[in-house]
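Encoded as structure tokens, the structure appears first; notes follow it.
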Amino acid sequence: MLQRPALPFSRQMHVSFNLAADLDTVLKSTAAAAGLEDAAAFAPEVRTADPRHGDFQANGVLGYAKARKLNPRATAEKLVAALPDSVREAYDFTIAGPGFINFTLKPTALFAWLRAHDSAAHLRAGAAAAHANQTWVVDYSSPNTAKQMHVGHLRSAVIGEAICRLLEFTGAKVVRDNHLGDWGTQFGKLIYGYKRWADPAALATDAIEELERLYKLGHNATPDGSPALDEARAELVKLQNGDPENVALWQKFSDVSLAAFQQIYDRLGIKFDHNLGESFYNDKVERVYRELTELEIAETSEGALVVFHPEHPRFKTQPFLMRKADGASNYASTDLATALHRVEQFKADGIVVVTDFRQGDHFEQLFLTVKKWFAAKSYRLPELHHVTFGAVTGEDGKALKTRSGDVIKLKDLLNEAEDRAFAIVAEKNPDLPEAGRRDIARAVGLGAVQYADLSQNRSSNYVFSWDKMLALDGNTAPYLLYAVARIHSIFRKLGLDPAGDCHPLDDKPIPTPPREKPDVCHLMDDKHPGARMAFEAGATAFETAAELALARKLAKFPDAIRLAGDTLRPHFLCLYLYELAGEFSAFYTADKVAVDDSGIRARRLMLCARTLLILETGLHLLGLRTLTRM
RNA sequence: GCGACGGUAGCUCAGCCGGAUAGAGCAACGGUUUUCUAAACCGUCGGUCGCGAGUUCGAGUCUCGCCCGUCGCGCCA
């Protein structure tokens, strides 16, 4: 997997991105060099360590030695004795306890890592090995058309977008696909209501609001068993049979819905590549029925076409119902067609579907079915991931509702976030002009909502609390944004540009990182790339506890990215960024940056620049906008 | 009934392939500002990791049983 020589640090100024991964590789080959028996089976298990013990620790010796009835400490000593110079140059190491090997980066190696990873492009180039040359389709948000997005749509959108960005950062080509709920029986009632009571003025001002009103009217006018319900069903049949008038209405519903959704998406930094809703797969389900029937994966049961999985304890009797007894398709059939389309049209290596946990059974059955189907047909089988998340509840533990008990519209929720943030900004920073405060409030308010959703393990329910998400203490967006703003402030005061790279995720191609940097630094000048870090020239070695703690935390960024990307759990990145911001705040308090000693000042500016780079890169990966002041 | 997810400090949550003395924030109490944004920092207090067994050098983490909560389980998505 690693094509580069696995040296954590070498004289060629080549520095690995993920130090832990490279250390693991080196230790594995060291085991062979040290003559350990069965060395090929030795797994070093290098991971980031509690800072009290060092930067990284290798725990693998214990399990390895125990399985072979060896003395773990003696084995560890043998291994350590054979460590190559590359490791000796870069790390101090000790054997501790029963046989842990602790590695602490030497300040020179730490310095070299920070020197090398000085731009978003370099960070991305380092991270891109994980999903290089892969295409991933991410299916998220996926609201129903002709309805408002409400608070229940927040998590899928926010988590999905963060996952897209993580996958892109780790090298994947990402296809963002909004699998809209744009087909179904509700359109019969909506058309019924629309044809009788549509208000053109209301449609012009807030179309979605009006469509919701018309659906309710249509629904209330067509109780079970009524002749009106038959009429509504007739409208649905006409739509399904391609009646031009109803198709045009349906198209209008979709168009105005998408326009309304985009207003939300714009605020959350989301832009879909495709909006292939259920309707798109109408003419593609026949093939699914045919192939699954021919393959005898599907069978008829009680008039419906279903799939059972005999090898599965539950799904051998719990059917996957893919065509209703009346012949109509349902979401199982369209989801099967969707999987096929993503593989055939997008050449997906991975598919990620982001929905709440209640759909767990459905996707488990879907994926089991897809695996059998694709295997039988020799279709390429992508990685299939159902990314689930828990419910959003109020502080009483119940579903989030307005005071009057209605569903909270997402639009209103985002507005309230901005308003609340504005009130805080106005209080904390009254000197700022109105426009500046508004802009800060937008970033802080929306960021707070996004970050609150992302910072918690997505598997559990999450308690929505304005006060907690907008707090300046703790693992919150304002705390992180404040750290970013303080760093900008330092550079602003000194008249310096922290890197000219304040928006690290702008659409730049992933470049091959330049490997040489000029030793001679020039005055800051945008026309001389590579010279913009002039303020770092003459930086001396890190000395203070706060400098070292911050520097060491910075070098753990690759591990956070790897963990979040591998598990599709953005909260690992959040936690890292929070800890990094904490280290920075401690450093900021303990060590003044703008000191007279040029060497000290240069190295502290370098720490500031790297902290800013990684905080901003990380926050942008989460979908947040960062600020230069707040 | 079967299954998924959750149960860790008073509250809200982290805790990666089993690893070292289980960590944060809030709340409570105490301290820090002629210095780059105090929207900050430092400290103190706070634990039967739901309960009980088991596996092992080592369990919050794995296995089994039980309790509690949320949710899912045939024609909604």
Side-chain angles (χ1 to χ4, degrees), chain A residues 43 45 47-50 52-53 57 59-60 62-63 65-66 72 96-100 102 142 144 179 181 183-186 278 301-306 313-315 317-326 328 330-332 334-335 355-362 364 388-391 393 395 397 424-425 427-429 444 455-457 459-463 465 467-468 470-476 478-479 481-483 485-494 559-560 562-563 566-567 569 571-572 574-575 578-579 582 585-595 604 608 629-630:
Chain A
E45 289 182 35
R47 63 192 64 179
T48 56
D50 184 316
R52 284 172 296 190
H53 301 127
Q57 59 179 320
N59 296 349
L62 281 106
K66 183 181 158 259
F100 303 113
N102 292 331
S142 308
N144 293 325
H179 194 70
W183 201 250
T185 50
Q186 73 272 26
E278 287 160 345
S301 167
E302 298 176 27
L305 189 64
V306 304
R314 217 151 26 91
F315 301 141
T317 52
Q318 181 179 323
F320 186 54
L321 203 153
M322 55 182 280
R323 187 180 62 203
K324 302 194 280 190
D326 64 4
N330 67 356
Y331 80 135
T334 51
D335 279 359
T355 79
D356 72 87
F357 69 105
R358 290 175 301 190
Q359 298 187 44
D361 276 2
H362 168 74
E364 200 179 339
T388 63
F389 50 84
T393 71
E395 294 186 67
I424 295 171
V425 176
E427 179 203 329
K428 301 284 188 190
N429 216 337
V444 172
S455 59
Q456 186 168 323
N457 184 339
S459 298
S460 42
N461 290 352
Y462 125 69
V463 179
S465 163
D467 290 342
K468 286 203 168 66
L470 286 165
L472 272 300
D473 308 292
N475 192 3
T476 66
Y479 180 78
L481 293 174
Y482 179 60
R486 288 219 282 194
I487 300 173
H488 276 293
S489 179
I490 293 171
F491 284 97
R492 197 162 48 235
K493 279 271 161 62
L494 294 173
D559 192 64
R562 176 197 60 76
L563 194 54
D566 285 357
T567 59
R569 289 183 185 270
H571 81 283
F572 285 118
C574 294
L575 183 64
Y578 170 55
E579 288 173 351
S585 294
F587 160 77
Y588 180 91
T589 307
D591 297 335
K592 187 168 170 62
V593 176
V595 293
R604 290 184 181 168
C608 288
R629 64 181 87 214
M630 67 182 271

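This is a predicted model, so every value here is computed, not measured. Below, chain A is the first sequence line, B the second, and so on; all start at residue 1.
The heavy-atom pair separating A:Met322 from A:Asn330 by the smallest distance is O-OD1, 3.5 Å. Looking at every heavy atom in both residues, A:Glu302 comes nearest to A:Ala325 through O-CB, 4.0 Å. When all heavy atoms of A:Ile490 and A:Cys608 are compared, the pair lying nearest together is CD1-SG, 4.0 Å. The two residues A:Asn102 and A:His53 have their closest heavy-atom pair at CB-O, 3.1 Å.
For A:Arg323, the side-chain contact (heavy atoms from CB on, under 4.5 Å) test picks out A:Tyr289, A:Leu305, with sequence neighbours left out. Taking A:Ala485 as the reference, A:Met630 meet the side-chain contact (heavy atoms from CB on, under 4.5 Å) condition, with sequence neighbours excluded. Residues that satisfy the side-chain contact (heavy atoms from CB on, under 4.5 Å) test with A:Val306, not counting sequence neighbours, are A:Glu299, A:Ser301, A:Ala304, A:Phe308, A:Pro319, A:Leu321.
Atom-to-atom, CZ of A:Arg358 to C1' of B:rG3 comes out at 16 Å; the value is rounded to the nearest Å. For the pair A:Tyr479 OH and B:rA24 P, the interatomic distance rounds to 13 Å; values are reported in whole Å. Nucleotide B:rC71 holds its C1' atom 13 Å from the CZ atom of A:Phe389, rounded to whole Å. We find that CG of A:Asn429 is positioned 11 Å from P of B:rA38, with the value rounded to whole Å. Protein atom CE of A:Met630 is 12 Å distant from nucleotide atom P of B:rA38, rounded to whole Å. Between the CG atom of A:Leu472 and the C1' atom of B:rA38 there is a distance of 11 Å, rounded to whole Å. The CD-P distance, from A:Glu427 to B:rA39, rounds to 10 Å in whole Å. The distance from atom CZ of A:Phe357 to atom P of B:rC5 is 11 Å, rounded to the nearest whole Å.
With its glycosidic angle within 90° of 0, B:rC17 adopts the syn conformation.
Using a 4.0 Å heavy-atom cutoff across all strands shown, A:Pro319 reaches at least one base atom of the nucleic acid. Counting any heavy atom pair closer than 4.0 Å across all strands shown, A:Lys493 reaches sugar-phosphate atoms only and no base atom. Among the atoms of the strands shown, none is found under 4.0 Å from any heavy atom of A:Glu579. Note on A:Thr317: nothing from the nucleic acid sits closer than 4.0 angstrom, heavy atoms only. Contact annotation for A:Leu62: base contact, defined as any heavy-atom pair under 4.0 Å involving a base atom. Residue contacts shown for A:Gln318 are limited to sugar-phosphate atoms, with no base heavy atom under 4.0 Å away.
Mapping A:Leu305 and A:Phe491 onto RNA chain B by nearest heavy atom places A:Phe491 closer to the 5' end of the strand. Comparing A:Asp361 and A:Ser489 by the nucleotide of RNA chain B whose heavy atom lies nearest to each, the residue mapping closer to the 5' end is A:Ser489.
In this structure, A:Asp335 and A:His179 have side chains that are in contact, with non-hydrogen atoms separated by less than 4.5 Å. Here the side chains of A:Pro98 and A:Leu62 are in contact, with some heavy-atom distance below 4.5 Å. Here the side chains of A:Tyr588 and A:Ile487 are not in contact, with every heavy-atom distance at 4.5 Å or above.
For A:Arg629, the side-chain atoms get nearest to B:rU37 when compared with the rest of B:rU35, B:rU37, B:rG74. Checked against B:rA40, B:rG74, B:rC42, the side chain of A:Val306 finds its nearest nucleotide in B:rG74. Relative to the side chain of A:Lys468, the nucleotides B:rC36, B:rU12, B:rG74 differ in distance, and B:rU12 lies closest. When the nucleotides B:rC36, B:rA40, B:rC5 are ranked by their closest atom to the side chain of A:Ser459, B:rC5 comes out on top. Comparing B:rU37, B:rU56, B:rG74 against the side chain of A:Ser301 picks out B:rG74 as the nearest. Checking B:rC57, B:rC2, B:rC75 against every side-chain atom of A:Ala304, the shortest atom distance belongs to B:rC75.
Distances shown here put every side-chain N or O of A:Lys592 at or beyond 4.0 Å from the OP1 or OP2 atom of B:rC36. OP1 or OP2 of B:rA38 has at least one side-chain nitrogen or oxygen of A:Arg486 nearer than 4.0 Å.
The same atom, C1', is picked in B:rA59 and in B:rU12; the two are 26 Å apart, to the nearest Å. For the C1' atom pair drawn from B:rG47 and B:rA9, the interatomic distance equals 6 Å after rounding to whole Å. Rounded to the nearest Å, the gap between the C1' atom of B:rC64 and that of B:rG23 is 30 Å. Only the P atoms considered, B:rG3 is 14 Å distant from B:rU63, to the nearest whole Å. B:rC45 and B:rG31 are spaced 15 Å apart, taking the C1' atom of each and rounding to whole Å. When the P atom is used for both B:rG60 and B:rA20, the distance is 10 Å, rounded to whole Å.
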TODO: Could you please spell out the steps behind the side-chain contact (heavy atoms from CB on, under 4.5 Å) verdict for A:Asp361 and A:Arg314?
DONE: CA-CA 10 Å; A:Asp361 276 2; A:Arg314 217 151 26 91; 3.1 Å; yes

Open item on the list: Would A:Trp183 and A:Thr334 count as a side-chain contact (heavy atoms from CB on, under 4.5 Å) here? Give the steps.
Closed with: CA-CA 11 Å; A:Trp183 201 250; A:Thr334 51; over 6 Å; no

Protein-nucleotides 13-16 of chain B N/O pairs under 3.5 Å:
{"residue": "B:rA14", "atom": "OP1", "partner": "A:Asn457", "partner atom": "N", "Å": "2.7"}
{"residue": "B:rG15", "atom": "OP1", "partner": "A:His571", "partner atom": "NE2", "Å": "2.6"}

Anything under 3.5 Å between a protein N or O and an N or O of nucleotides 20-22 of chain B, put it in a table, one pair a line.
{"residue": "B:rA20", "atom": "N7", "partner": "A:Gln57", "partner atom": "OE1", "Å": "3.2"}
{"residue": "B:rA20", "atom": "N6", "partner": "A:Gln57", "partner atom": "OE1", "Å": "2.8"}
{"residue": "B:rA20", "atom": "N6", "partner": "A:Asn102", "partner atom": "OD1", "Å": "2.4"}
{"residue": "B:rA20", "atom": "N6", "partner": "A:Asn102", "partner atom": "ND2", "Å": "3.3"}
{"residue": "B:rA20", "atom": "N1", "partner": "A:Asn102", "partner atom": "ND2", "Å": "3.1"}

Check nucleotides 27-31 of chain B for protein N or O atoms closer than 3.5 Å to its own N or O atoms and list the pairs.
none

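Formation of a donor-acceptor pair under 3.5 Å by the A:Arg629 side chain with backbone atoms of A:Ser489 is not found in this model.
At a cut-off of 3.5 angstrom, the base of B:rG25 holds no donor-acceptor pair with the side chain of A:Thr476.
When ring centroids are compared, A:Tyr578 and A:Tyr479 come within the 6.0 Å threshold.
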